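Note that the coordinates shown come from a computational prediction; the quantities given were computed from them, not determined experimentally. So you know, we letter chains A, B, ... as the sequences are listed, proteins then strands, and number each from 1.
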Amino acid sequence: MEDYLNHLNESQRLAVECTEGPVMIIAGAGSGKTRVLTYRIAHLMNKGIDPFNILALTFTNKAAREMKNRISLLAGDEARNLWMGTFHSVFARILRVEGHRLGFPSNFSIYDTDDSKSLIKTILREQNLDEKVYKPSMVLNRISSAKNNLMSWVEYRDNVELINDDRLSGKPHLSAIFELYTKRCFKAGAMDFDDLLYHTYMLLKNFPDELNKYQHKFKYILVDEFQDTNYVQYMIVRKIAAMSENICVVGDDAQSIYAFRGANIQNILSFEKDYPDLSVFKLEQNYRSTKNIVNAANSVILNNRNQLRKEVWTDNDHGAKIKVLRALSDNEEGSIVANSIFQEKMNHQLHNKDFAILYRTNAQSRSMEEALRRMNIPYRIYGGLSFYSRKEIKDLLAYFRLTINPNDEEALKRVINYPARGIGQTSVDKLVVAADQNGKSIWEILENIHTVTTGIATNTQDKIADFVSMIKSFQVMMKSHNAYDLASYIANTTGILRDLYNDKTPEGLGHYENIQELLNGIKEFTTSSNYESGTNLPEDESLSQSNNELPDYPVTQLPKTLDLYMQDIALLTDAENKDDGDNNKVSLMTIHSAKGLEFKEVFVVGLEENLFPSQMSMLSRADLEEERRLFYVAMTRAEKMLTLTYAVSRYRWGNLVGCEPSRFLEEVHPDFIEFANISKRSESETSWGSFQDDDFSQSRLNNQRKKNFEQKKPAVPKNFTPLHRSQKLSSATVANDFIADDPSQIVVGMEVEHQKFGTGKVIHLEGNFPDNKATVYFPAEGNKQLLLKYAKLKIVK
DNA sequence: GGAGGCCTCGGAAGG
DNA sequence: CGAGGCCTCC
């Protein structure tokens with residue numbers, strides 16, 4: 001044990017050894033964060049803590065899997081008993097056992113985003129509301145952020161500000177949709193992703209015995225990527241940790257790149273307030289990158305106002321300066337990158353796998369791919385459609401879901417007429433109406449289709465009856481058959497397999513193969529005892545539903561039935577990386593998916609204004625700062641060499657458009673970067689003569705940058721053009737052309753302008769972002785309490 | 001119920 | 001430009 005602690009530097013070791021009480025570890029990029037986390041857990045186990053009592057929460061399944069493997073190497077096989085998984089998988093597991101307290105069945109379905117949107121569409125149709133006004137994705141966002149801030153539909157309905165706000169933006173029925181959505185999920189025995197967190201919190205809040213049970217169970221709690229947690233996640237963790245206070249969070253505010261979907265950096269600040277006796281450790285030594293790269297990345301992030309004080313440094317060599325390459329077009333950018341990779345491989349004996357090309361948007365991969373193909377450089381693209389979100393897979397899984405939970409309305413709608421069996425939309429609509437009128441679920445109507453009055457034609461009724469008996473036969477089989485036998489039986493009986501087999505187009509062939517692949521996976525689950533679980537969670541007998549009775553046989557010998565399989569994979573949404581055996585390839589991915597990875601040489605491409613930073617980020621300062629953190633993440637992926645490229649013109653949606661170099665290029669301190677003017681007009685490309693003027697000359701760029709740094713002020717946004725699209729719902733809200741300021745900038749005493757109430761003065765502030773409320777005095781209206789998140793306030797003075 | 005024409009819109013992404 | 005949704009027509 002002493003031995004392995006020697007693998008750590010001083011601050012890492014301190015962070016590992018401080019096992020008791022609240023701990024916050026601020027870990028800079030490349031500072032060995034994962035190492036500290038794994039060693040800390042291994043250290044706890046070696047000190048004799050039962051792994052069943054350790055809860056480690058991550059954001060991705062991949063992170064959980066990798067960490068568990070690494071801990072096994074340090075602490076042995078016992079590691080498989082750790083409660084290590086994503087927030088969602090851990091709490092889904094708990095809700096399977098305890099959900100009945102809230103009225104949910106243990107076999108509840110989990111709605112993915114598509115299911116949620118589809119349910120919202122159904123509700124809109126039933127309520128005669130316009131999908132254009134109530135865009136399902138926007139409605140879902142709204143419901144989601146309410147639940148993530150622990151707000152039920154009742155509280156939403158009774159919140160004057162919110163209702164007012166919805167009315168002003170022409171969407172007065174949002175709270176009604178929220179209500180119907182909630183009730184509909186409950187009736188279907190289903191939870192969406194946000195419900196898994198929301199209901200867990202409510203379980204702990206409203207049932208003291210449950211809270212007590214889990215406080216005693218999870219004596220040690222660790223949270224990875226803490227900067228990415230949202231409010232409800234933080235509140236759950238806080239509740240469970242309230243007894244032992246052995247809570248350790250690890251994060252880096254500089255790498256928070258998911259605020260746009262609800263992550264809340266403010267949690268880091270709240271943490272310091274909530275735990276006054278907190279031990280804070282900062283990991284500031286970077287082991288990954290050269291001095292030039294570390295310093296350059298630091299100089300960029302300095303332009304952000306919202307950040308914790310921390311100084312990342314490194315002992316490594318200075319290395320080469322960061323190179324900026326200018327291209328004339330996206331295609332030339334591709335060949336420049338491909339050529340550089342070729343050269344670097346030659347000059348430094350590197351392999352394809354040592355290189356990564358990172359971009360802001362997926363659409364940029366095309367020109368890179370073409371160039372790499374021309375040079376015969378093998379590559380792999382990460383990201384894209386996940387295996388489990390393919391249509392054919394979701395169709396088959398919907399049959400499984402329906403078998404397990406026949407009330408699952410979204411699964412039912414998906415497959416009641418697939419493959420086609422003559423039960424059209426009109427019949428389904430009639431079924432929904434009948435279900436509503438009789439206060440029953442759709443499934444209950446289906447079961448009694450011949451006796452309930454629905455207005456459905458008799459021969460359609462017969463088809464429905466056939467469908468019902470088919471599903472019922474699956475349900476009977478589930479008790480006695482293993483997952484694989486039943487799954488392949490379902491694939492055959494329903495006609496899915498036949499339907500796909502008959503499609504001989506290349507895509508159709510792919511669909512058929514995907515089904516086969518899914519079935520193979522189920523076979524593996526059924527037959528193998530050491531199947532790599534999707535959930536990463538232990539088989540923990542202490543969570544048995546009946547507390548007093550022991551199960552008839554050990555948990556490990558339970559027959560592997562279909563419902564167990566579905567529990568295991570329900571939350572697997574990450575894209576499967578098909579392993580074709582050859583891993584020596586150049587990696588292509590978005591910057592977001594590169595988080596946590598490292599490469600010897602990295603190319604960040606498309607450094608153009610309005611692309612990176614994205615033009616969508618120009619709305620508010622918060623968005624721009626997040627974009628800058630994204631740039632920081634991209635830069636710090638590189639170990640030895642970093643190259644930035646931009647094109648002066650680029651095809652966008654079929655049109656050739658002119659581009660300016662990104663402001664981010666000007667924000668890198670001049671000492672760590674060099675502008676290599678290598679761009680030449682190539683013969684094969686002829687159509688951008690107009691972009692060759694001196695506007696983009698390197699010398700001008702260099703002078704501008706020098707000037708900026710001499711004046712010791714960050715680069716000022718140039719050509720700051722607000723978007724013409726007027727609708728965006730985020731922490732800084734824009735609606736009806738009224739552009740709000742960043743709520744976090746608002747302080748007491750400020751004069752602000754409200755869309756409706758006019759100009760007023762902030763007289764009181766309370767609560768934490770994003771729930772901070774301001775009391776504002778408006779001369780015409782008197783005092784108004786506003787939720788800054790939703791109130792559209794412009795700072796006047 | 002499926003094929004084909006027309007319209008709209010375009011961001012990164014985990015569970 | 002191209003994917004996806006919707007409408008129309010058979």
Side-chain angles (χ1 to χ4, degrees), chain A residues 57-64 85-93 110-118 121 125 131-132 135-137 141 144 148 191-198 200 224-225 228-230 232-233 256-263 358-366 382-386 388-389 391 417-427 499 503 534-536 569-575 589-596 606 610-619 623 626-627 629-631 633-634 650-657 723 725 727-728 730:
Chain A
L57 296 164
T58 62
F59 272 79
T60 64
N61 292 304
K62 194 169 150 233
T86 62
F87 279 87
H88 292 85
S89 62
V90 168
F91 299 136
R93 164 75 77 90
I110 296 174
Y111 279 178
D112 66 17
T113 319
D114 285 350
D115 295 320
S116 299
K117 282 185 192 161
S118 150
K121 280 186 195 166
R125 243 200 339 270
E131 258 190 47
K132 301 264 159 51
K135 287 209 289 185
S137 55
N141 269 336
S144 167
N148 284 330
M191 296 192 200
D192 67 17
F193 288 138
D194 303 311
D195 289 334
L196 294 174
L197 305 174
Y198 178 83
T200 300
D224 191 14
E225 307 280 8
D228 289 340
T229 46
N230 61 31
V232 59
Q233 286 166 331
S256 156
I257 54 176
Y258 287 111
F260 70 92
R261 66 179 191 217
L358 309 182
Y359 34 77
R360 179 65 177 83
T361 70
N362 278 311
Q364 289 165 259
S365 72
R366 183 200 52 89
Y382 291 82
L385 204 58
S386 122
Y388 295 99
S389 54
K391 182 190 170 297
N417 201 31
Y418 177 80
R421 52 175 70 87
I423 309 171
Q425 188 60 51
T426 327
S427 304
D499 191 66
D503 185 353
T535 61
N536 284 295
I569 63 136
L571 291 162
L572 281 193
T573 54
D574 46 354
M589 64 187 91
T590 62
I591 302 169
H592 280 95
S593 37
K595 195 170 171 196
N610 294 333
L611 180 62
F612 190 25
S614 150
Q615 61 170 339
M616 318 278 268
S617 71
M618 300 303 167
L619 287 170
D623 280 349
E626 174 149 326
E627 209 79 359
R629 291 192 294 268
L630 196 57
F631 187 37
V633 168
R650 169 182 301 279
Y651 275 93
R652 272 239 233 181
W653 304 323
N655 301 316
L656 190 69
V657 294
L723 270 193
R725 285 178 210 289
Q727 293 252 311
K728 189 186 177 218
S730 69

**Prompt:** What is the distance, rounded to the nearest whole Å, between atom CG of A:D114 and atom C1' of B:dA13?
**Reply:** 14 Å
**Request:** Considering just the side-chain nitrogens and oxygens of A:T590, establish if one lies under 4.0 Å of OP1 or OP2 belonging to B:dA13.
**Result:** yes
**Request:** State whether the aromatic ring of A:F260 stacks on the base of B:dA12, taking stacking to mean ring centres under 5.5 Å apart and ring planes under 30° to each other.
**Result:** yes
**Prompt:** With respect to the phosphate group of B:dG14, does any side-chain polar atom (N or O) of A:N61 fall under 4.0 Å of OP1 or OP2?
**Reply:** no
**Message:** Starting the side chain at C-beta, find the nucleotide from B:dA12, B:dA13, C:dC6 nearest to A:E131.
**Reply:** C:dC6
**Asked** For A:L611, which contact category applies under a 4.0 Å heavy-atom criterion: base, sugar-phosphate, or nothing?
**Response** nothing
**Request:** Report which part of the nucleic acid A:N417 touches: base, sugar-phosphate, or nothing (heavy-atom distance under 4.0 Å, all strands).
**Result:** sugar-phosphate
**Request:** Select base, sugar-phosphate, or nothing to describe what A:T361 touches, counting heavy atoms under 4.0 Å on all strands.
**Result:** sugar-phosphate
**Interatomic distance at P, C:dG4 relative to B:dA13, whole Å** = 16 Å
**Request:** May I ask you to say what A:F59 touches in the nucleic acid, namely base, sugar-phosphate or nothing, with a heavy-atom cut-off under 4.0 Å?
**Result:** sugar-phosphate
**Asked** A:Y418 OH to B:dG2 C1': how many Å, rounded?
**Response** 14 Å
**Prompt:** Do you see a donor-acceptor pair shorter than 3.5 Å between the side chains of A:D499 and A:Y418?
**Reply:** yes
**Prompt:** Of the nucleotides B:dG15, B:dA13, B:dG11, which has the atom closest to the A:S614 side chain?
**Reply:** B:dG11
**Request:** Check every atom of B:dG15, B:dG1, B:dG11 against the side chain of A:T113 and return the nucleotide holding the closest atom.
**Result:** B:dG15
**Message:** Considering every strand and a 4.0 Å limit on heavy-atom distances, what is the contact class for A:N655: base, sugar-phosphate, or nothing?
**Reply:** nothing
**Prompt:** Base, sugar-phosphate alone, or nothing: which one does A:F87 contact when heavy atoms must sit under 4.0 Å apart?
**Reply:** nothing
**Asked** When the ring planes of A:F260 and A:H592 are compared, do they come out parallel, tilted or perpendicular, using 30° and 60° as the limits?
**Response** perpendicular
**Request:** Have a look at A:R360 and say if it touches a base, only the backbone sugar-phosphate, or nothing, with a 4.0 Å heavy-atom cut-off.
**Result:** base
**Request:** Determine: side-chain N/O of A:N362 to OP1/OP2 of B:dA13, distance under 4.0 Å, yes or no.
**Result:** yes
**Asked** Less than 5.5 Å between centroids and less than 30° between ring planes, does A:W653 satisfy that with B:dG10?
**Response** yes
**Fill in**
Checking B:dA13, B:dG1, B:dG15 against the side chain of A:R261 (C-beta onward), the nearest is B:dA13
**Message:** Please find the pair of heavy atoms, one from A:Y388 and one from A:L572, that lie closest to each other, and give the distance.
**Reply:** CD1-O, 3.3 Å
**Given B:dA13, B:dG11, B:dG15, the nucleotide with the shortest approach to the side chain of A:D194** = B:dG15
**Asked** Taking NE2 from A:H88 and C1' from B:dG14, how many angstroms apart are they, rounded to a whole number?
**Response** 8 Å
